[in-house]
Amino acid sequence: EASIHLDVQVARLGSRYVLVLAEDRTDAYRLEETRRDFIANISHELKTPIGAISLLAEALEPASDDPDQVRRFAKQMGTEAIRLSQITREIIELSRLQATDILASAKRIDLDEIVASAVDQNHVVADARRMTLAVGGAKHVAVMGDEALLTLALNNLISNALQYSPDGSRIGIGVHHDEGVVELVVTDQGIGIPEEDLPRVFERFFRVDQARSRNTGGTGLGLSIVKHVVQNHGGDIRAWSQVGQGSTFTIRLPEAVKAKAAAQGDKR
Ligand code: ADP
């Protein structure tokens, strides 16, 4: 785990040059490194669809006599443009998240509402593919936080579950709570994630199979957004999976204390 970062500089002492090696283990250094990686990744991710769009635009002109070709190129350009806007939107969401202090604007939120709106946002896709979104578990469990962001997080988990599962399968969405901890669990019967990739799925731009998820339009940002949202709410997220059987993602958040001091014997 431990690593050493060497800051290498050439300094001039009179007519001589000396090499200065300084060990830099500060948080600032690591932050800067993360930021550089992120920007390198973003540039790469943006260059791919932009490059495709330019190539297709160049290919359109010589193909102008062939309507089938023109239609095909135009359709591909549309697909790449959608991908580009999806990546851009998610990058903006992610950077906004990193700059937000959730606790400053936190409100008491009933998880039933989050679950209902996340399910609502996915039911058209689920219905079209004859998939069931089965909601269960505790009612009226509350957390402190930002409703839109928590909905976004759950929405990302549900849309992944849909994306990586076969038609007709079932997705479970459950709310549990125990001793001040709230759990939001999303379970699918999908393709699963290989054990060696599981720890990496929350990294930005990570995809289990680049080609496979590119076909299904993934950006590799969804789960890193979920992780940021959950961490900003003082919680954590874990994943379990079995290839060919399915995956389970569990968000854990601190439970909000009861609005009115609960009287003894109040069982709610
Ligand atoms: P993407 O936009 O590619 O879905 P995510 O960050 O949401 O990006 O997920 C990262 C990768 O983790 C995905 O590309 C996919 O390979 C894998 N993954 C995420 N959720 C699931 C799931 N429910 N079942 C199987 N694989 C998943």
Side-chain angles (χ1 to χ4, degrees), residues 34 37-38 40-42 44-49 79-98 115 118-119 121-123 125-126 129 131-135 149-174 183-232 235-252:
T34 312
D37 285 353
F38 185 38
N41 282 337
I42 287 179
H44 174 78
E45 292 297 319
L46 293 178
K47 268 183 204 151
T48 312
T79 308
E80 293 297 335
I82 289 170
R83 183 171 171 73
L84 196 54
S85 71
Q86 187 184 354
I87 294 172
T88 316
R89 185 168 37 87
E90 290 188 354
I91 289 169
I92 292 169
E93 257 162 24
L94 202 55
S95 48
R96 203 163 42 103
L97 263 177
Q98 286 169 325
V115 172
V119 166
Q121 287 172 40
N122 287 283
H123 89 106
V125 175
R129 295 181 47 207
M131 295 174 73
T132 316
L133 299 176
V135 179
L149 289 177
L150 288 173
T151 308
L152 172 76
L154 183 60
N155 185 32
N156 282 358
L157 293 186
I158 298 175
S159 55
N160 275 351
L162 285 166
Q163 189 165 356
Y164 301 108
S165 297
D167 288 359
S169 62
R170 177 183 184 278
I171 290 163
I173 300 139
E183 283 187 353
L184 258 171
V185 185
V186 178
T187 306
D188 66 53
Q189 304 170 318
I191 57 176
I193 300 162
E195 198 180 337
E196 67 270 23
D197 292 328
L198 208 51
R200 301 199 57 201
V201 293
F202 297 104
E203 290 173 18
R204 294 175 187 123
F205 299 113
F206 180 82
R207 305 183 193 104
V208 169
D209 177 336
Q210 303 274 340
R212 182 190 66 188
S213 34
R214 184 158 294 249
N215 287 337
T216 51
T219 59
L221 285 171
L223 285 178
S224 67
I225 291 175
V226 177
K227 187 176 154 193
H228 272 281
V229 170
V230 172
Q231 286 182 341
N232 284 358
D236 63 24
I237 175 154
R238 297 173 198 193
W240 289 266
S241 192
Q242 187 97 49
V243 170
Q245 303 284 308
S247 310
T248 297
F249 286 84
T250 301
I251 291 176
R252 286 155 39 101

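Just follow the structure's listing: the first ligand is 1, and inside any ligand the first atom is 1.
For V208, a nitrogen or oxygen atom sits less than 3.5 Å from a nitrogen or oxygen atom of ligand 1, counting backbone and side chain alike. Ligand 1 has no nitrogen or oxygen under 3.5 angstrom from a nitrogen or oxygen of R207. The shortest N/O to N/O separation between N160 and ligand 1 falls below 3.5 Å. The shortest N/O to N/O separation between L223 and ligand 1 falls below 3.5 Å. Considering both main-chain and side-chain atoms, S224 never comes within under 3.5 Å of ligand 1 through any nitrogen or oxygen pair.
Atom CD1 of I171 is separated from atom CG of L162 by 4.0 Å, given to the nearest 0.5 angstrom. The CG atom of D197 lies 10.0 Å from the CD atom of E203; values are rounded to the nearest 0.5 Å.
If you look at D188 next to ligand 1, the close heavy atoms, those under 4.0 Å, all belong to the side chain. At a 4.0 Å heavy-atom cut-off, ligand 1 touches I193 through the side chain alone. By the criterion of a heavy-atom distance under 4.0 Å, the backbone of F206, and not its side chain, is placed next to ligand 1.
Annotation: side chain of T48 is not in contact with side chain of R83 (no heavy-atom distance under 4.5 Å). Using a 4.5 Å heavy-atom threshold, the side chains of I251 and L157 count as touching.
A distance-only check finds no donor-acceptor pair linking the side chain of R238 to the backbone of R252 [under 3.5 Å]. Within the 3.5 Å criterion, the main-chain N or O of G246 finds no donor-acceptor partner in the side chain of D188.
Residue-ligand proximity, L221 to ligand 1, at heavy-atom distances under 4.0 Å covers atoms 6 (O), 8 (O).
Of all non-hydrogen atoms in F202 and L223, the two that sit nearest each other are CD2-O, 3.7 Å.
Between G220, G190, A161, it is G220 that holds the heavy atom closest to atom 3 (O) of ligand 1.
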